[in-house]
Amino acid sequence: MARIVILGAGIGGMPMAYEMKALARPGDTVTVISEAPKFHFVPSNPWVAVDWRQRKDIEVDIAPALKRKGIESIIHRARRVHPEANQIELEDGGRVDYDYLVIATGPKLAFDEIEGLGPHGGHTQSVCHVSHAEASKLAWDEFVKAPGPIVVGAVQGASCFGPAYEFAMIMDTDLRRRKIRDKVPMTFVTSEPYIGHLGLGGVGDSKGMLESAFRQRHIKWICNAKTTRVEAGQMHVTEHNDQGQPIKEHVLPFRHSMMLPAFKGVDAVFGIEGLTNPRGFITIDEHQRNPKFRNIFSVGVCVAIPPVEATPIPCGTPKTGYMIESMVTATAHNIRELLDGQEPTHKATWNTVCLADFGDTGAAFVALPQIPPRNVSWFSEGKWVHLAKVAFEKYFMRKMEKGTSEPIYEKIIMDFIGITKLKAKLTGK
C-alpha cells in the first residue's frame with residue numbers, strides 16, 4: 001500500500017488531503033505535515049488587520065479535522081525534502097517516508113530583499129499571514145488615534161496583488177466609518193504597469209473599474225514602481241516608464257504602510273536541483289508532476305508559473321483560490337491513476353473565480369483560464385461582492401472543519417455555469 005504525504009496545510013494542502021483520502025485505495029495512508037497547528041483562511045487577513053475579524057474566527061484546528069477523515073497529521077516544521085531518498089526531514093531530525101509527495105507549502109515571504117520592508121524588524125505591515133494581520137491590527141489601533149499618510153501596495157516581484165487592492169479599499173471604508181478619512185492621504189504603490197493589471201495582464205475592464213474606484217476614494221497611485229528601501233515613516237520609490245527606464249524618484253511619507261512582498265520557495269525545498277526553479281518554486285508538468293522526481297506533485301502558491309507577459313518592473317503571476325482547487329483535483333486523480341498502474345491523464349483548468357472585498361462593496365472577476373488567452377474574461381463591481389465574500393468565508397471554513405473539499409451541490413452549480421476544475425479529455429473525434 002502507498003504512503004501519500006502532503007507537505008503543507010493551507011488553502012491547497014487541506015483540500016488536497018481531503019480529496020486524496022477520498023480517492024485513495026483501502027490501506028493507502030494519507031499524511032499531512034504542517035508546521036502550524038491551525039489552518040487559517042488567508043483571504044480574511046485584511047479584515048483581521050482592521051479588527052473586523054478575530055483570529056479565532058478564521059482558524060480551524062488541523063489535527064482533529066483531519067483525524068475525522070482518517071488522515072494522519074504531523075504538526076512539525078519540515079527542515080528538508082530529500083527526493084532521492086523519498087523522505088522528508090523534520091526540524092527535530094526525524095524523517096518521514098513517502099511513496100508520493102504533494103508539496104503545498106505556500107511561499108516564503110521575501111521581506112529581506114528590500115531594506116526596511118516587513119513586520120520583522122522593518123517598517124511596513126503585512127496581511128500575508130494571520131499573525132502579521134494581528135500585528136497590523138495593533139498598529140492600526142495606534143494609527144487611528146493620530147492619523148496621517150498611508151502607503152499601500154505591492155513591491156517588485158510580487159505576484160499576489162489582490163490583497164493590496166482589498167486592503168487599500170478596506171482601510172478607506174474603515175476610515176470613512178470613523179469620520180477621519182479626510183485626515184489620511186493615501187497612495188497605492190505597485191510594480192504593475194497599470195492599475196488592474198493584477199499580474200494577469202488585466203481581466204475584463206479591471207483597469208478602468210479599479211482606476212475609477214481609486215478616483216472615487218481619492219487614492220493616488222504610482223505604477224511601474226520599484227520600492228528601493230523603507231525607513232521609519234518614509235518609503236523610497238523609483239517610478240519607471242514603459243521601457244523600464246527610471247523617470248522619477250519618490251520619497252513617500254507615511255504613518256501606516258502595508259506592502260506585499262515578493263515570494264520565493266521555502267527553505268525545505270529551495271535549491272534542490274531538478275525540483276525547483278531559481279526562486280525555489282516547484283517545477284511541474286501539465287499534470288502537476290515534477291519532471292525529474294516523478295512521484296512528487298505540487299499545488300498552490302509554491303508552484304512555478306512564468307509571468308504572463310514582460311513588464312517594465314517584474315510582476316509575478318498569482319495563484320488564486322479556485323485555480324489552486326483545480327490543481328488539487330487534478331493531482332488527486334493523477335496519483336490515483338499511478339496507484340492503479342496507469343500514467344496521469346488529468347489536467348487542471350486553472351480557471352479562476354475571485355471575490356475582492358472593498359469593505360462595503362467589492363469587485364469580482366472570472367478568468368477562464370486564469371492565464372491568457374482566455375475563453376472568458378469578466379470583471380464586475382457591486383455591493384453583492386462584499387456579501388458574497390463574507391458568505392464564502394463561512395462556507396469555506398465549514399468545508400475545512402467538516403473535511404469536504406467539494407460538496408456535490410457545489411460541483412453541480414459550478415459545472416452548470418461552465419466553471420470546471422478539470423480539462424475535458426480530447427477524444428480525437
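Please read these numbers as outputs of a predicted model, since none were measured by experiment.
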- Check whether any side-chain N or O of Tyr194 sits under 3.5 Å from a backbone N or O of Gly201 as a donor-acceptor pair, and report yes or no. yes
- Query: Could you give the distance from CZ (Arg53) to NZ (Lys137), rounded to the nearest 0.5 Å?
  - Reply: 14.5 Å
- Pair Thr329, Glu406: side-chain N/O donor-acceptor within cut-off below 3.5 Å: no
- Note on the structure: Across all chains, not counting sequence neighbours, the salt bridge (charged side-chain N to carboxylate O under 4.0 Å, His left out) partners of Arg229 are Glu231
- Task: Determine whether Pro344 and Leu338 make a side-chain contact, defined as any pair of heavy atoms from C-beta on separated by less than 4.5 Å.
- Result: yes
- Message: Applying side-chain contact (heavy atoms from CB on, under 4.5 Å) to Thr105 and Glu35, what does each step give before you reach the verdict?
- Response: CA-CA 10 Å; Thr105 58; Glu35 64 178 332; over 6 Å; no
- Task: Under the side-chain contact (heavy atoms from CB on, under 4.5 Å) rule, what do Leu66 and Tyr18 come out as? Steps first, then yes or no, please.
- Result: CA-CA 8 Å; Leu66 294 175; Tyr18 294 140; 3.9 Å; yes
- Any residue meeting ring pair (Phe, Tyr, Trp, His ring centres under 6.0 Å) with His120, in chain and number order, not counting sequence neighbours: His132
- Message: I'd like to know if the side chain of Ser377 reaches the main chain of Gly204, judged simply by a donor and an acceptor atom lying under 3.5 Å from each other, with no hydrogens or angles considered.
- Response: yes
- Item | Salt-bridge present (Glu286, Lys423; N to O < 4.0 Å) | no
- Message: What I'd like to find out is whether the side chain of Ile4 reaches to under 4.5 Å of the side chain of Phe297, using heavy atoms alone.
- Response: no
- Of all heavy-atom pairs between Ile88 and Ala78, which one has the smallest distance, and what is that distance? CG2-CB, 3.8 Å
- Gap separating the OG1 atom of Thr190 from the CZ atom of Phe161, nearest 0.5 angstrom: 5.0 Å
- Task: Would you check if Glu309 and Cys315 make a side-chain contact, meaning some heavy-atom pair closer than 4.5 Å?
- Result: no
- Message: salt bridge (charged side-chain N to carboxylate O under 4.0 Å, His left out), that's the test. Do Glu113 and Arg279 meet it? Break it down for me.
- Response: CA-CA 12 Å; Glu113 294 181 344; Arg279 288 290 293 180; 2.7 Å; yes
- Judged by atom type as modelled, is there a donor-acceptor pair below 3.5 Å linking the side chain of His197 to the main-chain atoms of Gly199? yes
- Item | Nearest-0.5 Å distance that lies between atom CD in Glu134 and atom CD in Gln54 | 8.0 Å
- Item | Donor-acceptor side-chain pairing of His256 and Gln125 below 3.5 angstrom | no
- Query: Under a 4.5 Å cut-off applied to non-hydrogen side-chain atoms, are Asn45 and Cys128 in contact?
  - Reply: no
- Message: Looking at Pro318, is its backbone amide N or carbonyl O close enough to the side chain of Gln370 to form a donor-acceptor pair, meaning the two atoms are under 3.5 Å apart?
- Response: yes
- Message: Measuring from atom CD of Gln216 to atom CZ of Phe358, what distance do you get when rounded to the nearest 0.5 angstrom?
- Response: 10.5 Å
- Side-chain donor or acceptor of Lys399 paired with backbone N/O of Ser405 under 3.5 Å: yes
- Shortest non-hydrogen pair, Ala164 vs Val152, comes out as O-CG2, 4.0 Å
- Message: Under a 3.5 Å threshold, yes or no: a donor from one side chain and an acceptor from the other, between Gln288 and Thr331?
- Response: no
- Side-chain donor-acceptor contact under 3.5 Å, Glu72 with Thr31: yes
- Note on the structure: ring pair (Phe, Tyr, Trp, His ring centres under 6.0 Å) filter on His123, not counting sequence neighbours, yields none
- Under 3.5 Å, side chain of His287 to main-chain N/O of His346, donor-acceptor pair present? yes
- Note on the structure: Separation between OG1 (Thr320) and CD (Glu325), nearest 0.5 Å, reads 9.5 Å
- Query: Hey, which of Thr173, Asp172, Asp174 is the one that makes side-chain hydrogen bond (donor to acceptor under 3.5 Å, both in side chains) with Arg181?
  - Reply: Asp172
- Message: Does Lys292 have more than 12 heavy atoms from other residues, nucleotides or ligands lying within 6.0 Å of its NZ?
- Response: yes
- Task: Answer yes or no: is there a donor N or O on one side and an acceptor on the other, between the side chain of Asn290 and the main chain of Gly274, under 3.5 Å?
- Result: yes
- Item | Result of checking Phe396, Tyr395, Trp47 against Phe41 for ring-ring contact (aromatic ring centres under 6.0 Å, His included) | Phe396
- Item | Residue pair Phe293 / Leu275, side-chain heavy-atom distance below 4.5 Å | yes
- Task: Decide yes or no on side-chain contact (heavy atoms from CB on, under 4.5 Å) for Gln342 and Arg336, but give the supporting numbers first.
- Result: CA-CA 9 Å; Gln342 304 168 9; Arg336 177 57 201 244; over 6 Å; no
- Message: Please check: side-chain N/O of Ser326 versus main-chain N/O of Ala348, any donor-acceptor pairing under 3.5 Å?
- Response: no
- Query: Side chains of Asp415 and Thr420: do they bring a donor and an acceptor to under 3.5 Å?
  - Reply: no
- Item | Pair Glu192-Lys207, salt bridge (charged side-chain N to carboxylate O under 4.0 Å, His left out): steps then yes or no | CA-CA 11 Å; Glu192 300 162 274; Lys207 180 179 187 293; over 6 Å; no
- Message: Minimum heavy-atom separation for Ala104 and Gly12, please, with both atom names.
- Response: CB-C, 4.3 Å
- Qualifying residue for side-chain contact (heavy atoms from CB on, under 4.5 Å) with Leu252, from Thr227, Val189, Val230: Val189
- Does a sphere of radius 6.0 Å around NZ in Lys226 hold more than 12 heavy atoms from other residues, nucleotides or ligands, not counting ones at 6.0 Å or beyond? no
- Validate the cation-pi geometry between Lys319 and Phe281: distance from NZ or CZ to the six-membered ring centre under 6.0 Å, angle to the ring axis within 45°. yes
- Non-hydrogen side-chain atoms of Phe254 and Phe143 separated by less than 4.5 Å: no
- Message: Run the side-chain contact (heavy atoms from CB on, under 4.5 Å) test on Arg374 and Val203 for me, step by step, so that the C-alpha distance in whole Å, both residues' side-chain angles and the decisive distance to 0.1 Å come before the verdict.
- Response: CA-CA 9 Å; Arg374 304 183 178 107; Val203 180; 4.0 Å; yes
- Task: Run the salt-bridge test on Glu410 and Arg398 with the 4.0 Å N-O cut-off and return the result as yes or no.
- Result: no
- Taking side chain as C-beta onward, heavy atoms only, is Asp357 less than 4.5 Å from Val385? no
- Message: Between Glu115 and Thr228 (side chain of the first, backbone of the second, donor and acceptor by atom type, cut-off under 3.5 Å), is there such a pair?
- Response: no
- Item | Where Ala49 and Phe167 come nearest, the two heavy atoms and their spacing | CB-CE1, 3.6 Å
- Task: Write down the atom of Phe365, the atom of Leu200, and the distance for their closest heavy-atom approach.
- Result: CZ-CD1, 4.1 Å
- Item | Heavy-atom pair of closest approach, residues Gly153 and Phe188 | CA-CE1, 4.0 Å
- Query: Rounded to the nearest 0.5 Å, what separation is found between the CE atom of Met186 and the CD1 atom of Ile219?
  - Reply: 5.0 Å
- Message: I'd like to check His236 versus Glu249 (side-chain heavy atoms, cut-off strictly below 4.5 Å). Are they in contact?
- Response: no
- Query: Looking at Asp267 and Arg77, does any basic side-chain N land under 4.0 Å from a carboxylate oxygen?
  - Reply: yes
- Query: Is there a donor-acceptor pair under 3.5 Å between the side chain of Asn351 and the backbone N or O of Met323?
  - Reply: no
